[in-house]
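Below is one structure; the comments refer to it alone.
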Amino acid sequence: MTPLRVCLVGLQCYDLLTRAPHPRLIGGAERQQVFLARGLAASGHKVALVTTDYGQDDGVWNDGIQIFKAYVEDQE
């Protein structure tokens, strides 16, 4: 089977995706998106996830998932 190319948008998933010790948000939808992304990547599919810009580099890889940043939340 040809691997899928999947891009998910989970703006508040960054901390869960990178296994941060103290995530800013632990929501049910975010956890499900991260489980889905990890499962697809573990099955050999190419997975990308778009998150809020928390100052991380753009296009970094974590657990086989490429992470892109969208925008900075609440620029004041």
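Keep in mind that the numbers below use all heavy atoms, side chains included, and drop hydrogens, waters and symmetry copies.
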Search all heavy atoms of Leu49 against all heavy atoms of Gly10 and return the closest pair with its distance. CD2-O, 3.7 Å
CD1 of Ile26 to CG of Asp15, rounded to nearest 0.5 Å, is 9.0 Å
Using the six-membered ring of Tyr14, assess whether NZ or CZ of Arg24 lies under 6.0 Å from its centre and within 45 degrees of the ring axis. no
Is there a path of hydrophobic side-chain contacts, each under 4.5 Å between heavy atoms of I/L/V/M/F/W/Y residues, joining Val50 to Val47? no
Specify the closest pair of heavy atoms between Leu11 and Thr52, including all atoms of both residues, with the distance to one decimal. O-OG1, 2.7 Å
If a pair satisfies side-chain hydrogen bond (donor to acceptor under 3.5 Å, both in side chains) and one of its residues is in residues 30-46, list it, with sequence neighbours excluded. Arg38-Asp63
Calculate, to the nearest 0.5 Å, the distance between atoms CZ and CG belonging to Phe35 and Leu17 respectively. 11.5 Å
Linking I/L/V/M/F/W/Y whenever their side-chain heavy atoms sit closer than 4.5 Å, directly or via other members, would Leu36 and Leu4 fall into one cluster? yes
Give a yes or no on whether Val6 and Val60 share a hydrophobic cluster (residues Ile, Leu, Val, Met, Phe, Trp, Tyr; joining criterion: side-chain heavy atoms under 4.5 Å apart). yes
May I have the list of side-chain donor-acceptor pairs in residues 64-72 shorter than 3.5 Å, sequence neighbours left out?
| unit_1 | atom_1 | unit_2 | atom_2 | d |
| --- | --- | --- | --- | --- |
| Gln66 | NE2 | Gly59 | O | 3.1 |
| Lys69 | NZ | Gln56 | O | 3.1 |

Are there over 12 heavy-atom neighbours, none belonging to Asp58, within less than 6.0 Å of that residue's CG? yes
From Thr51 OG1 over to Leu16 CG, what is the distance, rounded to the nearest 0.5 angstrom? 11.0 Å
